[in-house]
Amino acid sequence: MSFSTRIAPVAIALAALVSQAYAKTQDLGLLTSTGTTFGNSFTSNGNFTDYYTFSIGNPGSVTGTTADTSYVLFFAKDVTLSSLVLTTGSTSTFIGQDTTANSFTFSGLTAGNYTLAVNGKVSGDILLPTVGSYSGTIKAVSSSVASAAPEPADLALTLVGLAGVGMLVRRRAAR
């Protein structure tokens, strides 16, 4: 058996390890206005998609921030987030996608379960066993719901309008 036939399987295995970074799935629970942290660390290069499930108790929006937390200067892995995709938890219906750097917002959500898919790429030094990572914070922001009861000014204006219409009908009937 030649050297090249012995080394080929090892090279293929190393290429497979380098091409796909470790993906994470985590349940963040019920989000509140104080925020919940999430994130992942990587030792191999490649594309990744991490899934974070959560629920919100009231209609509103979710907002948050993300950051590359790899701080070693020359031999660090760089984690670049390309997009965050929000889907409903039960039917995986697409809600929205955010590609802005370091912050995200998804508005107009109803109370229920959701999944946040964090897509990105890990690159950097492949010779040293370095670690790259990202972290983020996500929080729920409840929207104020308009009261079903009309305001007193609206009632007064309605009564004045009805009184005016009543007076017009009475005048015409008297003629």
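What you see is a predicted model; the values in this text were computed from it and never measured.
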For a quick check under 3.5 Å, do Thr66 and Asn102 share a side-chain donor-acceptor pair by atom type? no
Kindly say whether Thr105 contributes a backbone atom to a donor-acceptor pair with the side chain of Asp98 at under 3.5 angstrom? yes
Answer whether the closest heavy-atom distance between the side chains of Asn119 and Leu84 falls below 4.5 Å. no
Steps toward side chain to side chain contact (heavy atoms under 4.5 Å, CB included) verdict (Leu81, Val118): CA-CA 7 Å; Leu81 300 182; Val118 178; 3.6 Å; yes
Give a yes or no on whether the backbone of Gly39 and the side-chain of Lys24 come within a donor-acceptor separation of less than 3.5 Å. yes
For residues 53-64, dump all side-chain donor-acceptor pairs below 3.5 Å to protein atoms at least two apart in sequence or in another chain.
| from | atom 1 | to | atom 2 | distance (Å) |
| --- | --- | --- | --- | --- |
| Thr53 | OG1 | Asp27 | OD1 | 3.3 |

With Tyr52, which residues qualify under ring pair (Phe, Tyr, Trp, His ring centres under 6.0 Å), at least two apart? Phe38
With sequence neighbours left out, what residues match Thr93 under side chain to side chain donor-acceptor pair (under 3.5 Å)? Thr91
Write down the atom of Gly35, the atom of Lys139, and the distance for their closest heavy-atom approach. CA-CB, 3.6 Å
Nearest heavy-atom contact between Val79 and Ser133 is CG2-N, 3.5 Å
Residues in side chain to side chain contact (heavy atoms under 4.5 Å, CB included) with Ser33, at least two apart? none
Distance col, row Thr80:OG1 vs Lys121:NZ, nearest 0.5 angstrom, shows 8.5 Å
Minimum heavy-atom distance between Ser44 and Val122, given as atom pair plus value: O-CG1, 3.4 Å
Connected via hydrophobic side-chain network under 4.5 Å: Leu28 and Leu86: yes
Before you tell me yes or no, could you show the steps for Leu116 and Tyr114 under side chain to side chain contact (heavy atoms under 4.5 Å, CB included), namely the whole-Å CA-CA distance, both residues' side-chain angles and the distance that decides it to 0.1 Å? CA-CA 7 Å; Leu116 179 67; Tyr114 295 92; over 6 Å; no
Which atom pairs, donor and acceptor, lie under 3.5 Å between side-chain atoms of residues 156-173 and protein residues at least two apart or in another chain?
| from | atom 1 | to | atom 2 | distance (Å) |
| --- | --- | --- | --- | --- |
| Thr158 | OG1 | Asp154 | O | 2.8 |

Between Thr65 and Phe104, is there a side-chain heavy-atom distance shorter than 4.5 Å? no
Reported CG-to-CG distance for the pair Leu30 and Asn113, which is rounded to 0.5 angstrom: 9.5 Å
Spacing of Ser82 atom OG and Phe48 atom CZ [to the nearest 0.5 Å]: 7.5 Å
Going by side-chain heavy atoms closer than 4.5 Å, which hydrophobic residues are tied to Phe94, directly or by a chain of links? Val85
